Trainee: 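Quick one: this structure, given as structure tokens, is what I'll be asking you about.
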Amino acid sequence: MLSRHQDPIVAIATAPGRGAVGIVRVSSAQDLTLFVQALCGRDLKAREASYLPFRAASGEAIDQGLALHFPAPHSYTGEHVLELQAHGGPVVLQLLLARCMEVGQALDLRMRLAEPGEFTQRAFLNGKLDLAQAEAVSDLIDASTEAAARSASRALAGALSSEVGELRDALIKLRMLVEATLDFPEEEIDFLQQADALGRLDRLRAQLEAVLDRTRQGALLREGIKVVLAGQPNVGKSSLLNALAGAELAIVTAIPGTTRDKVSQTIQIEGVPLHISDTAGLRDATDEVERIGVARSWDAIAEADVVLFLHDLSRVGEADYEAEDAEIRARLGGVDPARILQVFNKADTVLTPQGQVLPADALKLSAKTGVGLDELRQSLLQHAGWHATPEGLFIARERHVQALKRTREHLALAVAVSTQQPPALDLLAEELRLSHDALGEITGAFSVDDLLGEIFSKFCIGK
């Protein structure tokens, strides 16, 4: 009996809806020669497109198009693959899908519909891609900016996997050295000192930091930065959102409390997506609707990567205004100060602030005229930790960052136990093993089935 991973699978591999071309894809660990003959009416040359009619069981043509047969292992999944390229109407593709299932049933192939991401999962299981490359397939499809698409393409080509592989190779050599020392304790030669084990460990940690930094940048390209505009009513939050987005997204009036709910827009700066949210003005709400809006504002602030605490420069020094700002500042006390950017709007209305010196790191701008917006854009990137250019970066995910951080933690512990007198070599070996396992999670060398299921379930059906 075949395991589920060996069942022949079939799915529509193109996006739902109408299009000029649609693809139905079949993948099977079993030979598909008989299936191809039954479905296409003749044999197909390997990896060569054949134009022919796709016929129903009655012999009536469903459509005409291209059929391509990829015998294993020279295919996307590493299995035997058949692709039918027909006209992209939903009804046509459903008829072809049903015909594939019908032929599979007649030949007793146990063919079933593919699950989300199952074609790419099989490519991973069959060694055609590692896990980081497999994730890059989904990231390339979902890329929201040109820089993200280019970086995903580099990850798919193995850029991230290559750097992780270099770390892994260095770690393996170090592990072998430590294990050899443990295996031959009677030897008087200090293997660790002779082979400069501590020096190797230091170089490995430095190399890891470089990879971790680049991975963080890649994660920003994929995930983007969540930015929340916060402050009192009428400080210019909606105007600033419109200015950054280059469109009239939020209603702007002189009436306090105009914004009652969160208004969001995604823009990009240097290829990095920024998910910017305008929120209700922070004050004691005057009615139930505004009260809900203010509560949602605080929820958004708690989840933000960067909070733009917006101030009205024309009102700096006014007692009532300063008191309200002080209350908001006190409540923001639970937010990491590194995530808060002080911004003073309406610089076009005053030349200098009245009665108060602005914070040293504050930005002055005018959402109305655009003065200071470029400085704000650069500050947003800096606050989020962006300092690289997209060229040469690879796309990455938060789980990659977390795996590298765990690797760093175990290497730090390895340094601690190796500098004890005498060195705790058994503990050093264990920390190096745990570091190795954490690295392996990135490319899938040590992944568990639950992790694989979670990753591939996010893919589209035909991928």
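Here the structure is a predicted model, which means the values were calculated and not measured.
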Trainee: What residues form a ring-ring contact (aromatic ring centres under 6.0 Å, His included) with His311, not counting sequence neighbours?
Mentor: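 Phe309, Phe344.
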Trainee: Could you check whether any side-chain heavy atom of Thr266 comes within less than 4.5 Å of a side-chain heavy atom of His275, counting everything from C-beta outward?
Mentor: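 Yes, their side chains come closer than 4.5 Å.
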Trainee: According to the side-chain hydrogen bond (donor to acceptor under 3.5 Å, both in side chains) rule, which pairs have a member within residues 331-341, sequence neighbours left out?
Mentor: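 The answer is none; no pair qualifies.
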Trainee: If the condition is side-chain contact (heavy atoms from CB on, under 4.5 Å), which residues does Asp348 pass it with, not counting sequence neighbours?
Mentor: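 Partners of Asp348 by the side-chain contact (heavy atoms from CB on, under 4.5 Å) criterion, ordered by chain and then number, come out as Lys346, Ser366, Lys368, Thr369.
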Trainee: What residues, two or more places apart in sequence or in another chain, satisfy salt bridge (charged side-chain N to carboxylate O under 4.0 Å, His left out) together with Asp202?
Mentor: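 Asp202 satisfies salt bridge (charged side-chain N to carboxylate O under 4.0 Å, His left out) with no residue once adjacent residues are dropped.
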Trainee: Can Glu118 and Arg112 be counted as an ion pair, charged N to O under 4.0 angstrom?
Mentor: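 Looking at Glu118 and Arg112, the cut-off is met.
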Trainee: Report the residues that fulfil side-chain contact (heavy atoms from CB on, under 4.5 Å) with Arg18, sequence neighbours left out, ordered by chain and then residue number.
Mentor: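 Arg18: side-chain contact (heavy atoms from CB on, under 4.5 Å) contacts with Pro90.
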Trainee: Report all side-chain donor-acceptor pairs from residues 425-435 shorter than 3.5 Å, counting only partners two or more places apart or in another chain.
Mentor:
from: Glu430; atom 1: OE1; to: Arg433; atom 2: NE; distance (Å): 3.1
from: Glu430; atom 1: OE2; to: Arg433; atom 2: NH2; distance (Å): 2.6
from: Glu431; atom 1: OE1; to: His410; atom 2: ND1; distance (Å): 2.9
from: Arg433; atom 1: NH1; to: Asp437; atom 2: OD2; distance (Å): 2.9
from: Ser435; atom 1: OG; to: Glu431; atom 2: O; distance (Å): 2.9

Trainee: Gly78 and Ala72: which non-hydrogen atoms are nearest, and at how many Å?
Mentor: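 Answer, listing the atom of Gly78 first, then Ala72: O-CB, 3.4 Å.
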Trainee: Which atom names give the shortest non-hydrogen contact between Tyr321 and Gln232, and what distance separates them?
Mentor: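 Shortest heavy-atom separation between Tyr321 and Gln232 comes out as O-NE2, 3.0 Å.
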Trainee: May I have all residue pairs that pass salt bridge (Lys or Arg N to Asp or Glu O under 4.0 Å) and include part of residues 217-229, sequence neighbours excluded?
Mentor: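 Salt bridge (Lys or Arg N to Asp or Glu O under 4.0 Å) check on residues 217-229 returns Asp139-Arg222.
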Trainee: Once side-chain hydrogen bond (donor to acceptor under 3.5 Å, both in side chains) is applied, do any residues pair with Thr77, and if so which ones, sequence neighbours excluded?
Mentor: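 Residues passing side-chain hydrogen bond (donor to acceptor under 3.5 Å, both in side chains) with Thr77: Ser27.
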Trainee: Scan side-chain atoms only and decide if His436 and Arg175 contain a donor-acceptor pair under the 3.5 Å cut-off.
Mentor: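 On atom types as modelled, these side chains qualify, holding a pair under 3.5 Å.
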Trainee: Who passes side-chain contact (heavy atoms from CB on, under 4.5 Å) against Glu398, sequence neighbours left out?
Mentor: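 Per chain and number, Glu398 pairs via side-chain contact (heavy atoms from CB on, under 4.5 Å) with Val401, Gln402.
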Trainee: Can you list every salt bridge (Lys or Arg N to Asp or Glu O under 4.0 Å) pair that touches residues 402-417, not counting sequence neighbours?
Mentor: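 For residues 402-417, and leaving out neighbouring residues, the salt bridge (Lys or Arg N to Asp or Glu O under 4.0 Å) pairs sorted by first residue read Glu209-Arg408, Arg406-Glu441.
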Trainee: Salt bridge between Arg377 and Asp374, side-chain N to carboxylate O under 4.0 Å?
Mentor: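 Between Asp374 and Arg377 there is a salt bridge, with a charged N closer than 4.0 Å to a carboxylate O.
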Trainee: What pair of heavy atoms forms the shortest contact from Arg47 to Pro71, and how long is it?
Mentor: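 Arg47 and Pro71 have their closest heavy atoms at NH1-CD, 3.6 Å.
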Trainee: Can you give me every donor-acceptor pair (side chain of residues 156-167, partner residue at least two apart or in another chain, under 3.5 Å) with its distance?
Mentor:
from: Ser161; atom 1: OG; to: Asp130; atom 2: OD1; distance (Å): 3.0
from: Ser161; atom 1: OG; to: Asp130; atom 2: OD2; distance (Å): 2.5
from: Glu163; atom 1: OE2; to: Arg214; atom 2: NH1; distance (Å): 2.1

Trainee: Sequence neighbours left out, what passes side-chain contact (heavy atoms from CB on, under 4.5 Å) with Ser144? Give chain and number order.
Mentor: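 Checked Ser144 against side-chain contact (heavy atoms from CB on, under 4.5 Å); matches are Pro273.
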Trainee: Taking 4.0 angstrom as the limit, do Asp196 and Arg203 come out as a salt bridge?
Mentor: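 A salt bridge links Asp196 with Arg203.
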Trainee: Can you measure from CG (Leu274) to CG (Leu220) and round to the nearest 0.5 angstrom?
Mentor: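 Here the interatomic distance stands at 9.5 Å.
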Trainee: Is the closest side-chain heavy-atom distance between Glu322 and Val316 below 4.5 Å?
Mentor: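 With C-beta onward as the side chain, the pair touches.
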